[in-house]
Every structure is written in structure tokens, then in C-alpha cells.
Amino acid sequence: MRRERVADDIYVFTSELYAQVTAGLVVTSAGAILIDTLVFPEEAKAIRQFVEQRLNTKVRYVINTHYHADHTYGTCFFPEAIVVSSALCYEYLKTRGQVGLERTKQRTSALQEVPLRLPTLVFESGGMEIRLGEKTLELRPSPGHSDDLITVHIREDRIIFASDTVMPVPYFVDGRYDDLVRSLENLRGGGYENVVQGHGEIILRGEVEQKLEEDLQYLRCIREHVEHAIHQPDPQAYLDTIDIEKCGKSRIPLNGEVQKLHEANLKALLNHYQAMQKA
Ligand SMILES: [Zn+2]
């Protein structure tokens with residue numbers, strides 16, 4: 001696991017075990033807040049150890065940005081913390097999350113000891129603020145990657161944990177294309193010092209607007225290709241010729257996984273258009 005410091009009292013942890021998923025730590029005089037918890041016990045426990053032994057404090061709040069396993073499985077290693085999420089995230093964890101964990105346990109021995117820990121403080125639509133010590137965290141709905149997703153903005157530092165709204169390639173297979181476009185547009189002009197992606201490298205101040213523009217451009221590009229594909233005799237065969245680079249994105253990030261995410265995006269959008277045609 002990699003650890004970076006993005007402000008005096010804000011850290012980012014990046015997994016070396018699963019898809020460069022990130023977690024954030026905000027340290028205050030009244031305790032720490034952990035934003036997402038990674039997947040594997042080994043890394044979640046290492047975060048806990050860092051907080052308690054190196055920083056000599058405790059995690060008071062854990063925020064689950066959305067219900068996906070790679071952002072939530074480590075939550076059980078912070079049993080004393082208040083766990084915060086959107087109401088929808090709570091619902092999804094209780095249903096899909098529980099089923100997914102049982103299934104994953106059958107394949108992955110490293111997760112045997114992981115029980116699902118559900119949020120203990122949930123909010124309905126509209127977001128929420130957490131004030132702890134000197135810090136104010138603004139939790140805002142940001143659907144698209146998944147319906148339940150929230151971002152977390154640290155007001156005093158202008159650092160935003162964007163979760164999977166911002167990734168090396170936008171990914172909406174478990175959410176909605178239009179929502180993701182809107183959520184990315186909402187991040188524009190925010191004047192952020194850093195945008196912490198849900199996966200991959202931290203985006204620095206001077207790169208933020210360009211990154212958001214590139215992501216929106218990518219989404220426009222795949223939409224054009226899908227709109228073209230539905231008029232072809234074999235739409236999927238046409239889409240198979242459209243690789244990620246044709247839509248302006250590198251195929252290198254996340255150890256090349258991004259091409260698979262791109263293919264899944266095309267398929268999901270094609271299904272959506274075909275379902276609309278039939279309706
Ligand atoms: Zn993720």
C-alpha cells in the first residue's frame with residue numbers, strides 16, 4: 001500500500017493489492033476520519049496501525065462513498081467508528097453487498113475473516129456535513145458510477161475525494177451514463193487543490209479542469225459510437241473495433257484494466273439504447 005500526504009493532516013492510501021483503489025485520512029485534534037477502507041484486511045489493518053501508532057489518534061468516523069466491495073470491506077476493522085453513508089448505500093450494502101461478500105468469500109481466502117459492517121449514520125438525498133476538530137467535510141451525492149455514490153470535500157483544504165466519479169476512465173456500468181455526465185460537470189470550476197480519484201493517481205490543481213474535460217469528452221465519444229453502432233447490422237462487431245485510444249484515453253492505467261472497463265461501458269450503453277428502441 002502506498003501512502004501520500006496531500007496536506008499537513010490529510011493522507012491518501014493507494015492499494016497495491018486491488019486496482020489502485022484509494023482511501024483518504026483526515027486527521028484533526030478530535031480524532032481522524034477515514035474515507036473508504038480498501039478491500040483486503042492486510043491493508044485496512046495497516047491503515048489502522050498507522051493512525052493509532054504513528055499518529056497516536058483514533059478513527060472516529062468512517063465514510064463509505066458507495067457500496068462497492070473495493071471501497072467498503074475494510075470497514076469492519078474500525079468497529080468503534082461511526083460509519084456514515086447515503087441511505088441508498090446502506091440499502092445496497094445490506095442487499096447486494098451481503099450477497100456479494102458471501103460469494104467472494106468462497107473464492108478468496110484472504111476475506112474469510114471479513115464480516116460486513118453496515119453504516120450506522122445515514123442521510124437521505126441532499127448530502128451532509130461532518131464537523132470534527134478543525135475540519136469540515138461536505139458529503140455530496142454524485143451518482144453515475146453507482147446510484148448511491150457520494151464525494152467528500154474537505155472545505156478548509158479544498159481537497160475533494162471524488163470516489164469513482166473520477167477514475168482513469170469514467171465507468172457507469174452499475175450506474176447511469178447521464179448521471180455520470182452531470183456529476184462530472186458538477187465538479188468543474190470547483191477550484192480544488194487536489195482531486196483524489198477512486199482509483200489511480202491523485203489529480204493536482206493544474207490538471208483538474210483538463211482531466212474533467214477529457215472524461216466528458218470520452219463519454220461524448222462513446223455515445224457517438226454507440227449511436228452509430230445501433231444502425232449497423234452487427235452493432236457489437238462495430239463496437240469491437242472502437243478501442244479506448246479511439247476515444248482519447250490511454251490504455252495503460254490500472255495495469256491495462258481500463259480497456260476492459262471501456263468495453264463494458266460500450267456494452268452497457270448499447271444495451272441501454274437497444275432497450276429504448278424496443279420500448
Ligand atoms: Zn471502485
Side-chain angles (χ1 to χ4, degrees), residues 1-2 4 12-25 34-44 47 62-77 83-86 88-93 96-101 103-104 107-108 110-111 114 116-117 119 139-152 160-177 179-180 183-184 187 194-203 211-212 215 218-219 244 249 252-265 268:
M1 183 173 66
R2 217 169 61 222
E4 286 165 275
V12 175
F13 301 92
T14 306
S15 175
E16 288 171 319
L17 299 175
Y18 184 83
Q20 294 169 34
V21 61
T22 63
L25 183 74
L34 182 60
I35 302 160
D36 283 346
T37 55
L38 309 185
V39 199
F40 286 105
E42 164 186 350
E43 292 187 326
I47 294 177
V62 168
I63 298 171
N64 291 156
T65 62
H66 62 302
Y67 79 99
H68 289 167
D70 48 337
H71 300 259
T72 53
Y73 279 1
T75 307
C76 64
F77 297 104
V83 182
V84 186
S85 81
S86 67
L88 205 50
C89 175
Y90 175 89
E91 282 308 313
Y92 287 170
L93 275 170
R96 307 173 192 183
Q98 186 67 55
V99 173
L101 178 59
R103 211 180 299 131
T104 311
R107 298 193 305 259
T108 317
L111 293 172
V114 172
L116 194 69
R117 173 129 201 262
L139 284 54
R140 304 171 183 152
S142 183
H145 172 80
S146 59
D147 292 339
D148 62 329
L149 192 143
I150 58 166
T151 57
V152 181
I160 188 162
F161 289 84
S163 187
D164 289 354
T165 295
V166 184
M167 292 175 57
V169 63
Y171 186 60
F172 53 84
V173 167
D174 188 36
R176 288 166 226 261
Y177 175 97
D179 286 344
L180 186 52
S183 288
L184 284 165
L187 292 177
N194 293 123
V195 174
V196 181
Q197 305 190 87
H199 297 257
E201 292 180 354
I202 297 163
I203 315 291
K211 161 70 175 157
L212 295 172
D215 283 357
Y218 166 82
L219 289 169
I244 191 168
K249 287 276 181 195
I252 293 168
L254 306 184
N255 298 320
E257 271 310 292
V258 285
Q259 170 64 23
K260 278 191 209 140
L261 301 181
H262 166 70
E263 287 165 18
N265 278 337

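Throughout, numbering of the chain's residues begins at 1 and tracks the sequence. Note that ligands are numbered from 1 as they come in the structure, with each ligand's atoms numbered from 1 the same way. Computed from a prediction, not measured in an experiment: that's the story for all the values here.
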Asker: Please work out which of the three classes, parallel, tilted or perpendicular, describes the rings of Y171 and H145, given edges at 30° and 60°.
Answerer: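 Rings of H145 and Y171: tilted, 30 to 60°.
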Asker: In chain order, what residues pass the salt bridge (Lys or Arg N to Asp or Glu O under 4.0 Å) check against D179, with sequence neighbours excluded?
Answerer: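 Once residues adjacent in sequence are excluded, the partners of D179 under the salt bridge (Lys or Arg N to Asp or Glu O under 4.0 Å) criterion are R176, R182.
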Asker: Would you call E257 and K260 a salt bridge, using N to O less than 4.0 angstrom?
Answerer: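 Here E257 pairs with K260 in a salt bridge, since their nearest N and O are under 4.0 Å apart.
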Asker: Show all protein N/O/S atoms under 2.8 Å from the Zn ion (ligand 1), or state that there are none.
Answerer: D70 OD2, H71 NE2, D164 OD2, H199 NE2
Asker: Counting heavy atoms not belonging to Q98, are there more than 12 under 6.0 Å from its CD?
Answerer: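 Yes, CD of Q98 has more than 12 neighbouring heavy atoms, counting only those of other groups under 6.0 Å.
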Asker: Could you work out, with side chain to side chain donor-acceptor pair (under 3.5 Å) as the rule, every residue matching S15, not counting sequence neighbours?
Answerer: E43
Asker: List the residues meeting side chain to side chain donor-acceptor pair (under 3.5 Å) with Y218, not counting sequence neighbours, and say none if there are none.
Answerer: H262, N265
